[in-house]
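One structure is given here, and the rest of the page talks about it.
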Amino acid sequence: MNVIARSTAVAPFLRATATVVSNGGLPVASTGKVHKPKIDVPRPFNRILQQTMHQDFLTGPTCISSGIAVSTRVYQRRLAHTDIQYPDFSDYRQDEVRESHVKSKESAPSRKGFSYLIAAGGSVVGVYSAKVIVHDLVGMLSASADVLAMSKIEIKLDSIPEGKSAVFKWRGKPLFVRHRSDSEIATENKVDVASLRDPEEDSARVKDPKWLVVLGVCTHLGCVPIANAGDFGGYYCPCHGSHYDASGRIRKGPAPLNLEVPPYDFIDNMLVVG
């Protein structure tokens, strides 16, 4: 049709008809110019908050136009259901830095002083709590009054005849106090120390040769020996057959060590153990 319009006098009318058909039936101005529909161009979006390009794409459709001698413009259409309101934390901020024009450096000393005060108060409370806990723990684990009362025992030596052994209770353990005769003292001093399993001189085990003070606990498995018994006239453990002499030294049997000698002293005619 355009070719025919160029070659005839009705060219303007045919050209207008072709334009109307191509425009979808919209009217054409009498001047012969084609009436084009108005295109709404989105207004430039001015940012209020600093956002990245990634945030622009997330908040709505974004259009970017650029070219030679054309400044880059970002057009954005924000949808109501995608608007994100930034939270306001002003209620949680201190008065000194709540306003945007106030510099935080100006009020830093006062704010740090408050933090230091809180830290110091918490430290004092923590140290005092630890002291109370340790004090209560030590008091709970310490010995009771009845145990402390038994920490020492006083024995009248006149109540034990010569050649006999008496049994007492000291700190929950049996205590053997033996009044030795002269023959027993001589016999124990003649023993060859090198032949003993646990070598120890008789003089090193007694403060007074007349008195032998030992704990009545077998060093094998903790049984209680029998006094004035055994092959050596001292102590005999019936559990596994350990024999001790009159100085409490192991002479025969499975026991590895001599009977233990507790700390004791002689005060006048009194024996104080502990």
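For the single chain, residues carry numbers from 1 onward in sequence order.
Note that CG of Leu259 is 6.5 Å distant from OG1 of Thr219, once rounded to the nearest 0.5 Å. The structure places CG of Leu175 at 12.5 Å from NZ of Lys169, a figure rounded to the nearest 0.5 Å. Between atom NE2 of residue His243 and atom CG of residue Asp231 there is a gap of 4.0 Å, rounded to the nearest 0.5 Å. Here the CZ-CG distance, from Arg197 to Leu257, works out to 9.5 Å after rounding to the nearest 0.5 Å. Interatomic distance, CD1 of Ile185 versus OG of Ser203, reported as 12.0 Å (0.5 Å rounding).
With sequence neighbours excluded, no residue forms a side chain to side chain donor-acceptor pair (under 3.5 Å) with Asp208. Among residues two or more places apart in sequence or in another chain, the salt bridge (charged side-chain N to carboxylate O under 4.0 Å, His left out) test is passed with Asp265 by Lys207. Listed by chain and residue number, nothing satisfies the salt bridge (charged side-chain N to carboxylate O under 4.0 Å, His left out) test with Lys173 (two or more places apart in sequence, or in another chain). Listed by chain and residue number, Arg205 satisfy the salt bridge (charged side-chain N to carboxylate O under 4.0 Å, His left out) test with Glu200 (two or more places apart in sequence, or in another chain). Every residue meeting the side chain to side chain donor-acceptor pair (under 3.5 Å) condition with Ser181, not counting sequence neighbours, appears here in chain and number order: Ser183. Residues meeting the salt bridge (charged side-chain N to carboxylate O under 4.0 Å, His left out) test with Asp182, sequence neighbours left out: Lys210. Considering only residues two or more places apart in sequence or on other chains, Asn189 meets the side chain to side chain donor-acceptor pair (under 3.5 Å) condition with none of them.
Counting only residues at least two apart or in different chains, ring-ring contact (aromatic ring centres under 6.0 Å, His included) contacts with residues 172-192 comprise Phe176-Tyr235, His179-Trp211. Judged as a side chain to side chain donor-acceptor pair (under 3.5 Å), the pairs with a partner in residues 158-168 (not counting sequence neighbours) are, in order, Asp158-Asn269.
Residue Ile250 comes nearest to Ala255 through the heavy atom pair CG1-O, 3.4 Å, listed as atom of the first residue, atom of the second, then distance. Closest heavy-atom contact between Val213 and Pro262: O-CD, 3.5 Å. When all heavy atoms of Pro225 and Cys218 are compared, the closest pair comes out as CD-N, 4.0 Å. For the residue pair Trp170 and Pro263, the shortest heavy atom distance occurs at CH2-CD, 4.4 Å.
The pair Arg180-Glu188 fails the salt-bridge criterion, with no side-chain N (NZ, NE, NH1 or NH2) lying under 4.0 Å from an Asp/Glu carboxylate O.
Listed by chain and number, the hydrophobic cluster partners of Val272 are Ile267, Met270, where partners are ILVMFWY side chains within reach of under 4.5 Å, directly or through others. Hydrophobic cluster membership for Ile226: none, as no Ile, Leu, Val, Met, Phe, Trp or Tyr side chain comes under 4.5 Å of it.
No path of Ile, Leu, Val, Met, Phe, Trp and Tyr side chains, each step under 4.5 Å between heavy atoms, connects Tyr244 with Phe232, placing them in separate hydrophobic clusters. Following chains of ILVMFWY side-chain contacts shorter than 4.5 Å, one can reach Val206 starting from Val177, so the two form part of one hydrophobic cluster. At a threshold of 4.5 Å between side-chain heavy atoms, the hydrophobic network of Ile, Leu, Val, Met, Phe, Trp and Tyr places Val191 and Val214 in two separate groups. Clustering ILVMFWY residues whenever any of their side-chain heavy atoms sit less than 4.5 angstrom apart, transitively, puts Ile153 in the very cluster that holds Leu212. Linking ILVMFWY residues whenever their side-chain heavy atoms come closer than 4.5 Å, directly or via other members, leaves Val261 and Val217 in distinct clusters.
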Which pairs of donor and acceptor atoms, one on a side chain in residues 125-138, lie under 3.5 Å apart (sequence neighbours left out)?
from	atom 1	to	atom 2	distance (Å)
Ser129	OG	Val125	O	2.8

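Although no hydrogens or angles enter the test, the distance criterion places a donor-acceptor pair under 3.5 Å between the side chain of Asp198 and the main chain of Asn258.
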(request) Dump the intermediate steps for side-chain contact (heavy atoms from CB on, under 4.5 Å) on Phe168 and Val273, then the final yes or no. (result) CA-CA 11 Å; Phe168 302 91; Val273 182; over 6 Å; no
